[in-house]
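Convention: sequence-line order gives letters A, B, ...; per-chain numbering from 1.
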2 protein chains.
Amino acid sequence: MQIMSARRYGQFCGVTRALEIVGERWALLIIRDLLVSPKRFTDLRQGLPRIPTNILSTRLKELEEAGVVRRRVLPRPSGAVVYELTEYGQQLDEIVMALGRWGAQRLGEPGPEDIVTEDSMIMAMRSTFHPEAAVGRNVRYQLNLGQIVIHMDIDNGDLQVGSGEAEDRDIVIEAGPAIKALMAGEITPDEALAEGSVKVTGDPDLLKQFAETFYI
Amino acid sequence: MQIMSARRYGQFCGVTRALEIVGERWALLIIRDLLVSPKRFTDLRQGLPRIPTNILSTRLKELEEAGVVRRRVLPRPSGAVVYELTEYGQQLDEIVMALGRWGAQRLGEPGPEDIVTEDSMIMAMRSTFHPEAAVGRNVRYQLNLGQIVIHMDIDNGDLQVGSGEAEDRDIVIEAGPAIKALMAGEITPDEALAEGSVKVTGDPDLLKQFAETFYI
DNA sequence: CTGGATCCCTCACGATACTG
DNA sequence: CAGTATCGTGAGGGATCCAG
């Protein structure tokens with residue numbers, strides 16, 4: 001008789017159950033990246049450079065078993081394996097974004113070893129979007145952070161965030177970690193431009209609109 | 001120079017930061033219980049019987065350091081030590097409730113070792129409350145689950161959940177794990193009463209109202 | 001090259017005993 | 001009551017290897 005998996009909490013409770021499913025180390029970060037798009041094993045590794053492959057492998061199996069992730073083999077000739085969230089897994093979208101907003105309040109300066117990934121930025125932009133500031137507007141932002149390029153398309157107040165350059169962009173914002181200071185209200189758009197920590201190509205007023213639309 | 005704490009994820013990201021703060025094992029369960037009320041060390045142990053005391057001790061220190069929990073010594077003559085959430089910690093309320101709703105969808109039958117605690121039930125009732133089903137209503141439910149007795153007071157559509165018996169209660173609901181089956185829609189109130197897995201003292205129609213107000 | 005499996009090592013966690 | 005001390009175990013970290 002199986003006494004009790006040591007990793008269980010021994011309570012009949014929703015929170016407890018949730019943590020047994022996605023509370024293990026790395027699990028919610030895998031889900032964060034899969035919320036952006038389905039991915040191959042190697043793509044997940046790139047988005048989480050410090051995860052050991054055996055842990056990634058184990059987590060994917062556990063999440064698949066729990067019905068959070070689905071492993072899918074693409075049809076020939078590709079034959080590639082992709083991992084994607086089930087509908088149940090997609091339900092974590094709001095929770096992961098809320099956690100991101102909560103944690104962002106304690107993001108100080110990036111450490112020397114800290115990296116920024118494309119998927120984490122896409123989720124960050126989605127989670128800090130304030131629809132009430134964008135009602136009825138149409139704008140296309142492109143954001144360059146070193147190698148990372150993403151775009152935010154606001155169509156009639158609706159947000160779409162994606163990888164790569166924006167088509168017909170209204171403004172290109174180029175920044176480093178200062179983008180967080182700007183979005184956290186630690187500096188104003190004017191200050192950011194003045195000190196050169198944020199550069200724009202296009203109407204600088206759009207940077208103000210940006211900061212009023214995306215903030216913690 | 002401190003290279004990097006092994007427990008860090010090495011990313012400059014809100015989700016990552018959040019998980020570094022509350023992602024360790026047991027942390028969110030401690031917070032779940034503190035969301036209900038401030039507690040002493042021993043109270044926390046009772047609500048989390050399987051937590052080793054050194055882990056509880058360590059987590060409390062980490063959470064205090066992160067500004068999530070505050071350790072407070074009550075004034076004389078009590079002199080007791082209580083742990084309570086800071087305002088930053090309170091912000092986890094919605095997240096913990098959302099996790100509870102998400103995990104509750106995968107709560108099967110309770111295992112032989114599974115226990116139910118008062119605080120977890122209080123959070124479960126808060127998180128499954130559907131205000132739109134209670135607008136303008138005034139009801140006082142008492143819920144007995146073995147030793148555990150809690151009450152839900154709906155005052156003009158507003159919910160307050162607390163420990164112990166309800167004053168001027170309209171109905172006492174007595175149940176076991178079947179309360180979850182009822183709230184998950186796996187059985188109807190009529191079936192629950194018919195098979196005896198739920199018993200009521202008071203108007204049985206109030207049990208239907210209950211199931212329409214509190215559900216996953 | 002993708003998608004892992006395997007190995008070894010370390011440290012966080014778990015169980016229990018003990019103390020101011 | 002409110003924790004600390006001790007020690008064993010297993011999950012996680014890191015490197016390497018392997019099959020398709």
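- For the 3.5 Å distance criterion, the side chains of A/Asn144 and A/Gln142 qualify, holding a donor opposite an acceptor.
- Counting to the nearest Å, the C1' atom of D/dA15 and the CD1 atom of A/Ile51 are 16 Å from each other.
- Side-chain polar atoms of B/Gln105 and A/Gln91 form a donor-acceptor pair below 3.5 angstrom.
- A/Trp26 has a side-chain polar atom (N or O) that falls below the 4.0 Å cut-off from OP1 or OP2 of D/dG13.
- Of the inter-residue distances, the one linking B/Leu29 atom CG with B/Arg59 atom CZ reads 11.0 Å to the nearest 0.5 angstrom.
- Under a cut-off of 6.0 angstrom, the local environment of CD in B/Glu65 is sparse, with at most 12 non-hydrogen atoms contributed by other residues, nucleotides or ligands.
- Between B/Leu74 atom CG and D/dC1 atom C1' the separation is 13 Å, expressed in whole Å.
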For this session: Evaluate the side chain to side chain donor-acceptor pair (under 3.5 Å) criterion for residues A/His151 and A/Tyr141: first the C-alpha distance (whole Å), next the side-chain angles of each, then the deciding distance (0.1 Å), finally the verdict.
Result: CA-CA 5 Å; A/His151 60 273; A/Tyr141 302 98; over 6 Å; no
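- Residue B/Ile179 holds its CD1 atom at 10.0 Å from CZ of B/Phe214, rounded to the nearest 0.5 Å.
- Taking every heavy atom of residues 27-48 of chain A and every atom of DNA chain C, pairs under 4.0 Å involve A/Arg40, A/Phe41, A/Thr42, by number.
- One finds a side-chain N or O of A/Arg25 lying less than 4.0 angstrom from the OP1 or OP2 phosphate oxygen of D/dG13.
- By the 6.0 Å and 45° rule, B/Arg106 stacks over the aromatic ring of A/Tyr88.
- Checking the phosphate oxygens (OP1, OP2) of C/dG4, a side-chain nitrogen or oxygen of A/Arg71 falls inside 4.0 Å.
- A donor N or O paired with an acceptor N or O is found under 3.5 Å between the base of D/dG14 and the side-chain atoms of A/Asn54.
- Under the 6.0 Å distance and 45° angle rule, A/Arg25 counts as a cation-pi partner of B/Tyr9.
- For the pair B/Arg8 CZ and D/dG13 C1', the computed distance is 16 Å after rounding to whole Å.
- Side-chain contact between A/Leu182 and A/Leu207 is present, with heavy atoms from C-beta onward closer than 4.5 Å.
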Problem set entry | Verdict with supporting geometry, A/Ser37 and A/Lys39, side chain to side chain donor-acceptor pair (under 3.5 Å) | CA-CA 6 Å; A/Ser37 63; A/Lys39 288 192 168 51; 2.8 Å; yes
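- Listed in residue order, the members of residues 55-70 of chain B having a heavy atom less than 4.0 Å from DNA chain D are B/Ser57, B/Lys61.
- Where the helix from C/dC1-D/dG20 to C/dG20-D/dC1 starts and where it ends, the local axes point in directions that differ by 30°; five pairs per end, rounded to 10°.
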For this session: List the steps, then state whether side chain to side chain donor-acceptor pair (under 3.5 Å) holds for A/Gln11 with B/Arg32.
Result: CA-CA 13 Å; A/Gln11 299 195 2; B/Arg32 176 197 69 186; 2.9 Å; yes
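- A sub-4.0 Å separation between OP1 or OP2 of D/dG3 and a side-chain N or O of B/Tyr83 is present.
- For A/Thr53, counting side-chain heavy atoms from C-beta on, the closest listed nucleotide (C/dG4, D/dT4, D/dG14) is C/dG4.
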